[in-house]
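The block underneath contains the structure these notes are about, expressed in structure tokens.
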Amino acid sequence: MQAKLESLRGLNATVLAIDPHDRFSSQFLLKEAGLSTADLKIPLLLDAGLTASAAYGVLFQMRIHTEWSTRPATFIVDRDGVIRFIQRAKTFNDRPSVAQIIEQLKQLD
């Protein structure tokens, strides 16, 4: 996603990532992936209280290893706050490609 940010910005889109962890857990997960918050090119919003996860209907819907977790999902929200695209993952890696997201964004104009 980060490699294609310019393509998305060219469509007047803003990308946000929402992580259902607190700051320390999020930093730990990034470190395990060989990254730090300084490596991120998109805002990472922390949802430790799970408010956004609940509001978008992805709270505790997926079993990952031995615990229930929020379901990974992609939402495209237009300038008026209307959700125009939703893909709730069936597996942890089930996410739309950047090309699919760009196609959805082009349909908004």
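None of these values were measured; they are calculated from a predicted model.
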Checklist entry - In chain order, what residues pass the side chain to side chain contact (heavy atoms under 4.5 Å, CB included) check against Ala54, with sequence neighbours excluded? => result Leu59
Item to check | Which residues share a salt bridge (Lys or Arg N to Asp or Glu O under 4.0 Å) with Arg84, sequence neighbours left out | outcome: Asp78
Checklist entry - Residues sharing Leu16's hydrophobic cluster, by side-chain heavy-atom contacts under 4.5 Å among ILVMFWY, directly or via others? => result Ile18, Leu45
Checklist entry - Nearest heavy-atom pair of Leu46 and Arg23: which atoms, and what distance? => result CD1-CA, 3.4 Å
Checklist outcome for this item: Residue set satisfying salt bridge (Lys or Arg N to Asp or Glu O under 4.0 Å) with Asp22, at least two apart, ordered chain then number -> none
Checklist entry - Within the side chain of Gln107, is there an N or O that forms a donor-acceptor pair under 3.5 Å with the backbone of Gln104? => result no
Checklist entry - What residues form a side chain to side chain donor-acceptor pair (under 3.5 Å) with Thr14, not counting sequence neighbours? => result none
Checklist entry - What residues form a side chain to side chain contact (heavy atoms under 4.5 Å, CB included) with Thr51, not counting sequence neighbours? => result Asp47
Next on the checklist: Quick one, Leu8 and Ile102 - any side-chain contact, counting heavy atoms below 4.5 Å?
Outcome noted: yes
Next on the checklist: The criterion is side chain to side chain donor-acceptor pair (under 3.5 Å); which residues satisfy it with Gln87, sequence neighbours excluded?
Outcome noted: Asp94
Please set out all donor-acceptor pairs under 3.5 angstrom arising from side-chain atoms of residues 26-35, sequence neighbours excluded.
unit_1	atom_1	unit_2	atom_2	d
Ser26	OG	Asp19	OD2	2.9

Checklist entry - Partners of Tyr56 by ring-ring contact (aromatic ring centres under 6.0 Å, His included), sequence neighbours excluded? => result Phe75
Checklist entry - Heavy-atom distance under 4.5 Å between the side chains of Thr74 and Ile101, does that happen here? => result yes
